[in-house]
Structure formats: structure tokens, C-alpha cells
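In what follows, a structure is listed as C-alpha cells, so that the remarks can point back to it.
In the text below, chain A, chain B and the rest are named by the order of the sequence lines, each starting its count at 1.
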2 protein chains.
Amino acid sequence: MKKETLFIAKIGGNIIENPEVLSQFLLDFSKIKGPKILVHGGGKSATQLAEKLAIPTEMIDGRRITTAKMLDVVVMTYAGLINTKIVAGLQKNGCNALGLSGADGNVITAVKREPLFIDYGYAGDITEINTSFLKEIVSMGMTPVVCGVTHDLEGQLLNTNADTIASQVASAMAARYEVSLFYCFELKGVLTNIQDKDSVIPHINQNKYAELLDTNAISHGMLPKLHNCFKALEQEVKTIHIANADFLTNPNILHTTLTL
Amino acid sequence: MKKETLFIAKIGGNIIENPEVLSQFLLDFSKIKGPKILVHGGGKSATQLAEKLAIPTEMIDGRRITTAKMLDVVVMTYAGLINTKIVAGLQKNGCNALGLSGADGNVITAVKREPLFIDYGYAGDITEINTSFLKEIVSMGMTPVVCGVTHDLEGQLLNTNADTIASQVASAMAARYEVSLFYCFELKGVLTNIQDKDSVIPHINQNKYAELLDTNAISHGMLPKLHNCFKALEQEVKTIHIANADFLTNPNILHTTLTL
């Protein structure tokens, strides 16, 4: 029996930071029929709030060092302002959204990352996704809106990368649905030349991925994203698209498709 | 057929501001069997964050003037930090909590209060409680944790008094459940003499309430709370208790019970 399709989109700062762009995205996203989940980041907003509160932001290889004070900032920004605004924006468009941190319905549990060479502070590595709960919510016709805050079941909130959440939620849901994952991005896709915004690689499979890795052809920022994507594909996620927001309404535009 | 009992508790700053007190409350609350809902405020935390961000706090008769900037502070504090921490704290105790702003699952819609003599800004007056959704969540064995943020279905978030939310959620749920509402308070109950913390009025019915109003015997801060309570009782809410947190584990301590 063919499984039902589940569409999972992940958006980041380029959409979230711009109220008009976000509003258009939420309208387009609302129109997608069938089960869907939205995952969002919000790092830039967190950094801005931290600045106003004179809390220093420290990043190592694009990963935030989450001190106790920074965790509060992250929770206020991701689970508070951004998540709640997105949910209200979707409701406006008739999309019955439900905002979730990992603690809500115990949907994402994580463990605090052990300091090895770097102490990332209150950074959480996912241990389990509660797919039964997500399926139940989706079956009620609702759209989960998941932010990058998880918990350890011991009362501790943790900061978890939203790209990773999207990939792991997609992987976990793949047993129950035919999952299509969409990383909504500021660029048109994965580029061969970062200077040329149209140098999009239309299709990357495992062989092509290995070749790109070998030739150091992928920009630094894209590496963890692609790594997450291929892990998800190995976990039976059907297709992954990396594209800008226009892809939602026009799937024929230039974009990158990833398959095994 | 006797309706199932639904326990609704409302907590405010006196519990929320003190991590140890909050932790004990969440442990005691988790132990309560059967369907339950927790409603929380967080005004003091919002005021503190506003101060750090140099956003002026203006209150008139204990009601916050919610400018656009203050609304962001309110959403970050109530829906973000406080709600998410409470949910994680309940999960720790095995209570499967689900944090909700009014936009989540469209659970509480409101309208922006029209400026009459006072412009309260983005303050929302409740228009509807989505009791079907709350019942569905509760039937799944989950505990809704509701904060004082609502929405107008047009994408606008609004600041709504948590005492009012508790009373209106209780009223709305009374058609489906036998509702017991508990206002958890820093004092032992409604006092005859604000100087004497033990001068608790054990029972207030409508006649006693009218008498207290006539004799100006109720402190200013308690008036809107009692007004909300009697409105809820008129809407078939079964019993209301005003007491401090110890009442959760010891219902025989000094407290105030309200009935019609």
C-alpha cells in the first residue's frame, strides 16, 4: 500500500527575519494540501536579542555556544516570538498550526552534548522523536510547527540545530509516510560557484556527493546541511529539495534535488 | 450521567519567579489524577525583561499597556521562556504537558480591545475558546499549559490576562466537565484584613460577595479576580478555590472556597 505523503519544510533566518517574505511564505505553505510539518530556526533573531541584553554570542564552526543565559535567549526567541508568530500567521491563512518545542508532548528528547574538545553548553543531540504524537496531531488535520528547542526529560531545555531537527523528524516519520523534505534557503540551490547564484547543481546523488566532497566543491556552510540530507535519505526519506521559497509555488524553477 | 472532573489551576508570579517553589508546584500538580489544565501568567518576568531592553512598562489599574514592543516582550516571556520551562518541568515528572498560546490549535481567539478612555494597545478580549481541541488533547492524556497570549485570527497576537483566561476556559469547559478551578495565590485566600495573613474568609457565596462589595471590604487587587470567579460560577463552573500552593497537597488548610 502506498504511504501517504508528508511534506516537511525547514525555514531559516532569510525567511524569518523579513516580515513580508515570511508572510508570503506562510500563505504559500498554507495552500499545500495534505499532511505537513514546518521546522524553523531563528539564530539571527537570537543573536540580535542577545546583543540587546549584552549577552555575548560565541559561535564555533557555525554552531552556537549555548550558555545558561544564551539558552534563555534561544527559548524566548525560538519557542516564544518566532514560533508563536508563525503559528498565528498560519492560522490567519486557515492552516491549523500547533507550535511545538521538543518538550511539548515530549516530541523531541535530546541529551546535552558532552564537552569533548569544545563545550557547546546547553546544546542537545536528539535521542528520540515522538512520531506517534506527531502522527496523531497531523491526523487531526493540524500542522506542527517545530522550533529548535528540545529537552532531556529531566527538566532541562536544550538548543538543537533546526536543520538537524528537520532531517531527523523526516527520517523518523519515513516509516509512516512517504516524506518529502524541503530546505528553504536564501540561494536557489547548491551552487558549484558561490559567486554565481545561478550555478545550481540540479541533482545530487550519493556518487555526485562523494565527487563534490573529494573536489572540495561545496561551500563550508552547505556541508552539514548536505550531510544531514544524505543521512535522511539513507533513512528512507523519499526526496529532498534545496531551493529558495519560490519553489513552493513553482516546482519548475532552478533548484537542487537530492536522492540516494 | 455524572460528568468527569476537570481540574484547572492558575499560577502567577509568586510561583513562577521562584525556581524552587515552581519546581515543587509542578511536582504536586503532576500527581493530580485525571484531566487537568494549567494556566499561567508571568507579568513580573515580562516587566523585568522589558527593563533590561529599556522598554517602558506602563500599568493602569494593574493592567499592562501593551505597545508593539511590549507585546514582543510578553510573547517571548509568556509563550517562550515561562511556558516552555513549565512544560519541560512537567515532563520531568511524567506529566505529558503541551504548551499553548491562544494561536496553537486556534485555542483562544480574541479581539483587540477598542480604546475607549484608555488605549491598552495589543490587549485582547476573549471571543472564543476551542473546547473541542482542549477536550481532544485532554482525552489523549495530555495536560494543556496555557499562557496569556491570544490571537485575533488575522495574524495578530494579543496580550490577555491569565486570570481571565483561567476563568473563561473553566466556563467554556463546564459544558463538558465538572470543573474545579484553583487560583493559586501568594496569600492563604481572600482576607478580611490585608494586614492579617490568617484572616481568611473560608467561604464566599453570592450574598457574601455582595456584602463584601457593599462594605468595601475587598482589597483592590482581589476585585477583578473575584469578579472573574463569580462569572465562572454563573457559567456552571462547580467550585473555585483561592488558596496558596500548599492547598494542592493539603486541601484542609485555610483557604477560600467560592460557590454561587
- Item | Residue B:Leu71 versus chain A: region with a heavy atom under 4.5 Å | neither
- Atom pair CG/CG of A:Leu49 and B:Leu49 - distance to nearest 0.5 Å: 6.5 Å
- Note on the structure: The interface call for A:Val107 against chain B, heavy-atom contacts under 4.5 Å, is neither
- Least distance between heavy atoms, B:Leu157 atom then A:Ala88 atom: CD2-CB, 3.7 Å
- Query: Any idea which of A:Gly89, A:Cys147, A:Gly99 has the most non-hydrogen atom pairs under 4.5 angstrom with chain B?
  - Reply: A:Gly99
- Message: Between A:Val73, A:Leu81, A:Leu26, A:Val74, who has the most heavy-atom pairs with chain B when the cutoff is under 4.5 Å?
- Response: A:Leu81
Is there any N or O donor on one of chain A and chain B with an acceptor on the other under 3.5 Å, and could you list each such pair with its distance?
unit_1	atom_1	unit_2	atom_2	d
A:Asp72	OD1	B:Lys85	NZ	3.3
A:Lys85	NZ	B:Asp72	OD1	3.3
A:Gln91	NE2	B:Ala103	O	2.9
A:Ala97	O	B:Gly105	N	2.8
A:Gly99	N	B:Asp104	OD1	2.6
A:Ala103	O	B:Gln91	NE2	2.9
A:Asp104	OD1	B:Gly99	N	2.6
A:Gly105	N	B:Ala97	O	2.8

- Message: For A:Ala243, give me all partners under side-chain contact (heavy atoms from CB on, under 4.5 Å), at least two apart in sequence or on another chain.
- Response: A:Phe182, A:Phe247, A:His255
